[in-house]
Visitor: 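Got a structure for you, written out below as structure tokens; questions coming shortly.
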2 protein chains.
Amino acid sequence: MDNQEIRNAGLKVTLPRVKILELLENSTQRHVSAEDVYKLLLDKGEEIGLATVYRVLTQFEAAGLVARHNFEGGHAVFELDRGEHHDHIVCVVCGKVEEFMDATIEQRQREVAQERGFEMADHSLIIYGRCNKHKEA
Amino acid sequence: MDNQEIRNAGLKVTLPRVKILELLENSTQRHVSAEDVYKLLLDKGEEIGLATVYRVLTQFEAAGLVARHNFEGGHAVFELDRGEHHDHIVCVVCGKVEEFMDATIEQRQREVAQERGFEMADHSLIIYGRCNKHKEA
DNA sequence: AGATAGATGAGAATCTTTTTCATTACGAGT
DNA sequence: ACTCGTAATGAAAAAGATTCTCATCTATCT
Ligand SMILES: [Zn+2]
Ligand SMILES: [Zn+2]
Ligand SMILES: [Zn+2]
Ligand SMILES: [Zn+2]
């Protein structure tokens, strides 16, 4: 259960943390900004300060519960980290986000890093395009 | 020459634009933030307002003269767009940036987008890791 | 050279995220 | 269950990045 995940992260089980984790688990949008989380909680009647939302998301990220992504747009988006790595493809018209994982790309990235003497720690791959509803031709 | 590139972009050839483009061409750091550009110009005695730096970089981007990247760190970095696409590998310790282009990755990205019904417009791939000077083992 | 649309600079404004600090609430130990 | 010390929270301020406003200047065309 959630409480245990929070405890395992070395954090106290507080109402804001439980509610934020619940929201990330149950929200229809998987990829949400801090502001989104704040407003979605407000809509549910949970008055949790925006500063707390930022703090908790950052702590969850450090604990590996949450992943942060820097999509275009000037603000970070967060999602529950379910352990399975994936990358993203984002529609530049409607903002729709789809996830994918391509073993070939993953493998080549590791090789590219090695070839350059780097030890890969992480990577960020975002494809921008127009989804089936918004492509031109 | 620079002036023609600026003109071709439909922009007036002004001193700030010429100086910013020169700096991007000659700077030892290829990947610079707007603040970097502002300060590097100051160091050279060119007093160009920060707002102008932002405006010009954005215009250059729209004209395809400059590429903008959202590395981690909360601020965008810019580089001259020399027409040859490439991606980046960044050392999380010292910030060193290397460029690479991998045909396999590029190709798979296009395929992934297609498989999902997307028309790829652009993509952002950043590998984070430790460079040869900073890796552990 | 003169007219005009476009460009600049300074500062204000905006947006996102972090910090401060006084107050409140977990949870370990009794 | 009660107490206490520490960690967590909320509100507001601060900080950092970027954009906007507007009065002034300037490149370009005639
Ligand atoms: Zn779309
Ligand atoms: Zn995702
Ligand atoms: Zn390094
Ligand atoms: Zn580059």
Side-chain angles (χ1 to χ4, degrees), chain A residues 1-23 31-42 44-63 65-78 95, chain B residues 1-23 31-42 44-63 65-78 95:
Chain A
M1 124 157 335
D2 288 4
N3 293 8
Q4 198 52 50
E5 295 191 78
I6 295 173
R7 217 164 253 128
N8 291 342
L11 301 168
K12 284 191 187 176
V13 178
T14 62
L15 193 139
R17 286 176 181 149
V18 171
K19 291 300 177 186
I20 290 172
L21 193 46
E22 271 179 22
L23 183 137
H31 306 88
V32 288
S33 68
E35 189 80 30
D36 290 338
V37 170
Y38 174 68
K39 287 185 176 157
L40 287 168
L41 287 171
L42 271 190
K44 297 192 171 191
E46 303 291 344
E47 304 233 341
I48 294 170
L50 182 55
T52 299
V53 171
Y54 274 105
R55 264 185 306 237
V56 169
L57 287 173
T58 300
Q59 293 159 340
F60 283 180
E61 183 192 15
L65 287 176
V66 156
R68 175 195 308 249
H69 307 293
N70 295 109
F71 292 178
E72 288 177 347
H75 58 272
V77 301
F78 301 83
Chain B
M1 118 151 348
D2 287 4
N3 292 9
Q4 199 50 51
E5 296 192 76
I6 295 173
R7 217 164 252 128
N8 290 342
L11 302 168
K12 284 189 185 176
V13 177
T14 61
L15 193 139
R17 286 177 181 148
V18 172
K19 290 302 177 186
I20 290 171
L21 193 46
E22 271 179 21
L23 184 137
H31 305 87
V32 290
S33 67
E35 189 79 29
D36 290 338
V37 171
Y38 174 68
K39 287 185 176 157
L40 287 168
L41 287 172
L42 270 190
K44 297 192 170 191
E46 303 292 344
E47 305 234 342
I48 295 171
L50 183 54
T52 298
V53 171
Y54 273 105
R55 262 186 307 238
V56 169
L57 287 173
T58 299
Q59 292 160 341
F60 283 0
E61 183 193 13
L65 287 176
V66 155
R68 175 196 307 252
H69 308 293
N70 296 110
F71 292 177
E72 288 177 347
H75 58 271
V77 302
F78 301 83

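Letters A, B, ... are given to chains in the order of the sequence lines, protein chains preceding strands, and every chain is numbered from 1.
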Visitor: Give A:E47 one of three labels, base, sugar-phosphate or nothing, depending on what nucleic acid heavy atoms sit under 4.0 Å from its own.
Guide: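 Result for A:E47 = sugar-phosphate.
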Visitor: Would you give the length of the straight line joining atom CG of A:L40 to atom CD of A:E35, rounded to the nearest 0.5 angstrom?
Guide: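 Here the rounded value is 10.5 Å.
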Visitor: Just the rounded figure in Å: distance from C1' of C:dA10 to CZ of B:R55.
Guide: 10 Å
Visitor: What are the two closest non-hydrogen atoms of B:V53 and B:I20, and how far apart are they?
Guide: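 Looking at all heavy atoms of both residues, the closest pair is CA-CD1, 4.0 Å.
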Visitor: Round to the nearest Å and state the distance from A:N70 atom CG to D:dA17 atom P.
Guide: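 These atoms are roughly 14 Å apart.
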Visitor: Do B:R55 and B:T58 have side-chain N/O donor and acceptor atoms under 3.5 Å apart?
Guide: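 Looking only at side-chain atoms, B:T58 and B:R55 do not form any donor-acceptor pair under 3.5 Å.
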Visitor: I'd like to know if the side chain of A:R17 and the backbone of A:K12 have a donor-acceptor N/O pair within less than 3.5 Å.
Guide: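 Looks like yes, one N/O pair under 3.5 Å.
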Visitor: Ignoring backbone atoms, test whether B:Y54 places a side-chain nitrogen or oxygen under 4.0 Å from the OP1 or OP2 oxygen of D:dT18.
Guide: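 Answer is yes, contact under 4.0 Å.
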Visitor: Tell me the interatomic distance from B:L41, atom CG, to C:dT8, atom P, rounded to whole angstroms.
Guide: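 In whole Å, C:dT8 P lies 12 Å from B:L41 CG.
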Visitor: To the closest 0.5 Å, what do you measure between CD1 (B:I48) and CG (B:L41)?
Guide: 4.5 Å
Visitor: From the set C:dG9, C:dT8, D:dA11, return the single nucleotide nearest to any side-chain atom of B:I48.
Guide: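 Within the option list, the nearest is C:dG9.
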Visitor: Using the side-chain contact (heavy atoms from CB on, under 4.5 Å) rule, take B:D2 and B:E22 through it: C-alpha gap first, then chi angles, then the decisive distance, then the call.
Guide: CA-CA 8 Å; B:D2 287 4; B:E22 271 179 21; 3.7 Å; yes
Visitor: For B:Q59 and D:dA27, what is the distance between atoms CD and P respectively, to the nearest whole Å?
Guide: 15 Å
Visitor: Rounded to the nearest angstrom, tell me the gap between atom NE2 in B:H69 and atom P in D:dT18.
Guide: 14 Å
Visitor: Counting only side-chain heavy atoms from C-beta out, which of C:dT17, C:dG11, D:dG10 sits nearest to A:L50?
Guide: C:dT17
Visitor: Give the rounded distance in Å between these two atoms: CD1 of A:I20 and P of D:dG10.
Guide: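 Roughly 9 Å, once rounded to whole Å.
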Visitor: Applying salt bridge (charged side-chain N to carboxylate O under 4.0 Å, His left out) as the test, list every pair that has at least one member in residues 44-54 of chain B; sequence neighbours left out.
Guide: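 Passing the test, one end in residues 44-54 of chain B: B:K19-B:E46.
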Visitor: I'd like to compare against my own output: the B/S/- annotation of nucleotides 23-30 of chain C with a strict under-4.0 Å heavy-atom distance to protein.
Guide: ---BS---
Visitor: Measure the distance from CD on A:E35 to P on C:dT18 and round it to the nearest whole Å.
Guide: 14 Å
Visitor: Could you give the CZ-to-P distance, from B:F71 to D:dA17, as a whole number of Å?
Guide: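 Atom-to-atom, B:F71 to D:dA17, this comes out as 16 Å.
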